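Chain naming here is simple, since letters A, B, ... match the order of the sequence lines and numbering starts at 1 in each. All figures in this text were calculated on a predicted structure; none of them were measured in a lab.
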Amino acid sequence: MTVLIENIAGYEGQEVTLKGWLYNKTGKGKLLFLKVRDGSGLIQCVAFQADLSEEVFDIAKRIPQESSLIVTGVVRKDERAPGFPGGYEIGIKNLEIVQMAEDYPITPKEHGVEFLMDNRHLWVRSSRQWAILRIRATVIKAIRDWLDNHGYTLVDTPILSSNAGENSTDLFELDYFGTPAYLAQTGQLYNEANMMSFGKVYAFGPTFRAEKSKTRRHLIEFWMVEPEMAYFSLEDLMAMEEEFVSYIVQTVLETRKLELALIERDTTKLQNVKAPFPRIAYDDAVEMLKQLEAETTDAEQKQLLHMEWGTDFGSPHETAVAERFDRPVFVYHYPTAVKAFYMQPVAGRKEVCRSVDLLAPEGYGEITGGSERIYDHALLTERVKEIGINPENYRWYLDLRRYGSVPHAGFGLGVERTVAWICGLPHIRETIPYARMLHRLNP
RNA sequence: UCCUGAGUAGCUCAAUGGCAGAGCAAUCGGCUGUUAACCGAUGGGUUGAAGGUUCGAGUCCCUCCUCAGGAGCCA
């Protein structure tokens with residue numbers, strides 16, 4: 001009977017068959033230990049020469065790392081047995097090689113980043129990468145479950161668009177039968193159209209930024225979920241976001257204990273991630289940073305923390321603000337000048353807008369960015385003109401303000417940054433199966 | 001794009017301007033409880049590329065390439 005390693009505890013004393021790959025092997029002469037993985041877990045299979053035919057033992061002795069194999073044997077409980085879930089091993093009765101692997105490049109030793117990224121197609125088999133990508137899958141499922149269960153409709157937005165937006169240098173341009181087209185940076189403008197039909201919608205897909213960013217939290221191609229809600233204020237938005245993000249984190253904590261343990265994530269800081277989240281106005285955050293700058297004695301840190309009202313936060317600022325709290329923190333009412341043209345100005349204070357970013361703890365920075373959108377046709381037209389774009393290019397978008405416009409709000413959450421934070425990873429590149437970075441297009 | 005650092009065996013790294021080395025991996029042998037096992041043996045090199053200084057360059061100088069870390073920009 002073919003079984004999955006994750007269910008192995010239910011088969012104690014029974015003969016089972018596993019179909020998988022050889023992860024690693026150690027031996028002691030007449031006794032060999034084969035670590036076998038099958039996609040659901042990892043288990044130790046034991047070959048004892050006296051119990052086996054010469055032929056089968058010889059296979060066990062010679063089979064190289066990452067060969068595909070089918071192993072049959074009896075499940076037994078043993079405290080010494082490694083694996084996940086551990087505590088059980090297979091006493092090998094028969095062993096069949098499906099394909100004998102050539103010399104496998106990734107050995108159970110240390111490797112450099114470049115080598116591992118060059119071998120990403122093989123690196124995804126490593127237990128640490130397996131655990132991270134399983135957590136990623138759970139994060140995505142939690143995102144969709146929460147939204148689907150709270151009245152949101154998934155409405156897909158296009159990846160190819162004719163609209164250059166306000167910052168065409170960050171877009172990937174391609175030839176669309178003779179006219180320029182661009183890879184989507186956001187589905188938000190389409191979300192706003194869809195929201196008028198469904199009330200609460202979300203788009204979920206890959207987005208593309210041709211920024212020459214080279215940091216631990218940037219990818220050229222990354223996944224983003226973008227909810228957009230009719231009749232939502234900034235306060236409604238924050239209340240929704242904190243429930244949403246808490247659900248994602250708590251779901252991973254509950255359902256991915258094994259994976260979190262495998263990557264040795266200290267989950268104590270994640271336990272705190274429950275609504276409500278602290279909220280701080282941009283004005284106050286700037287004051288907080290100025291005070292921190294004044295208090296610090298480290299000249300380098302002083303320079304990094306320096307900022308003037310009206311500028312956007314850099315990553316040192318985000319980290320410094322987030323460090324003051326034990327859970328994600330909302331920073332709201334950013335200067336209008338540093339945010340997108342469609343964000344609603346604060347009544348009586350045009351210089352700031354109804355925007356909010358959510359900063360993750362532990363230095364992971366901005367994981368969501370959102371706002372109330374301008375819903376008045378005249379004001380939005382004026383803002384489009386202000387940024388130097390022909391309103392004709394935004395005709396359909398402006399149209400939305402002519403036919404039953406309503407106050408509304410929405411945000412985008414970066415999947416990879418969220419996974420990096422939940423996993424406690426030093427770099428975002430491990431949170432996506434095949435990272436696209438400034439100088440990385442292969443494999 | 002800017003700043004800093006690195007590039008030597010399949011991998012991770014050593015080598016004062018003076019014979020190119022180790023551990024792991026591979027191959028062969030030994031070992032009945034291994035957890036990145038251990039012990040013995042064997043094979044393995046255009047020192048990122050081109051140029052220069054020198055009796056002599058992995059090492060010093062110049063240019064370029066690649067990668068990493070940070071900044072800016074952002075999710």
Phe222(A) aromatic ring stacked with six-membered ring of A75(B), 5.5 Å and 30°:
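The base of A75(B) is stacked with Phe222(A) (centres under 5.5 Å, planes under 30°).
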Could you tell me which nucleotide pairs with [N] by Watson-Crick or G-U wobble geometry, both distances under 3.5 Å, or answer none if nothing does?
{"N": "G33(B)", "value": "none"}
{"N": "U54(B)", "value": "none"}
{"N": "G45(B)", "value": "none"}
{"N": "C19(B)", "value": "none"}
{"N": "A68(B)", "value": "U4(B)"}

Using only side-chain N and O atoms of Arg429(A), determine if any of them is under 4.0 Å from OP1 or OP2 of G69(B).
yes
Would you say the side-chain atoms of Glu221(A) and Tyr434(A) include a donor-acceptor pair closer than 3.5 Å?
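The answer is no; no qualifying pair exists.
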Might you list the N or O atoms of the protein lying below 3.5 Å from N or O atoms in nucleotides 3-13 of chain B, with each pair's distance?
{"from": "C11(B)", "atom 1": "O2'", "to": "Glu110(A)", "atom 2": "O", "distance (Å)": "3.1"}
{"from": "C11(B)", "atom 1": "O2'", "to": "His111(A)", "atom 2": "ND1", "distance (Å)": "2.6"}
{"from": "U12(B)", "atom 1": "OP1", "to": "Gly112(A)", "atom 2": "N", "distance (Å)": "2.7"}

Residues that Phe84(A) engages under ring pair (Phe, Tyr, Trp, His ring centres under 6.0 Å), provided they are two or more places apart:
Trp130(A)
Quick one: label Asn24(A) by what it contacts on the DNA or RNA (base, sugar-phosphate, nothing), any heavy atom closer than 4.0 Å.
sugar-phosphate
By side-chain contact (heavy atoms from CB on, under 4.5 Å), Glu66(A) pairs with (sequence neighbours left out) Trp21(A), Tyr23(A), Arg37(A), Tyr104(A), Arg125(A)
Applying side-chain contact (heavy atoms from CB on, under 4.5 Å), can you list everything that pairs with Arg62(A), at least two apart in sequence or on another chain?
Asp58(A)
Throw together a table of side-chain donor-acceptor distances under 3.5 angstrom for residues 421-433 of chain A, partners on residues two or more places apart or in other chains.
{"from": "His427(A)", "atom 1": "ND1", "to": "Arg429(A)", "atom 2": "N", "distance (Å)": "3.0"}
{"from": "Glu430(A)", "atom 1": "OE1", "to": "Gln129(A)", "atom 2": "NE2", "distance (Å)": "2.9"}
{"from": "Thr431(A)", "atom 1": "OG1", "to": "Ile428(A)", "atom 2": "O", "distance (Å)": "2.7"}

Please list all pairs meeting ring pair (Phe, Tyr, Trp, His ring centres under 6.0 Å) that have one or both residues in residues 290-321 of chain A, counting only residues at least two apart or in different chains.
Tyr282(A)-Trp309(A), Tyr282(A)-Phe313(A), Phe313(A)-Tyr334(A)
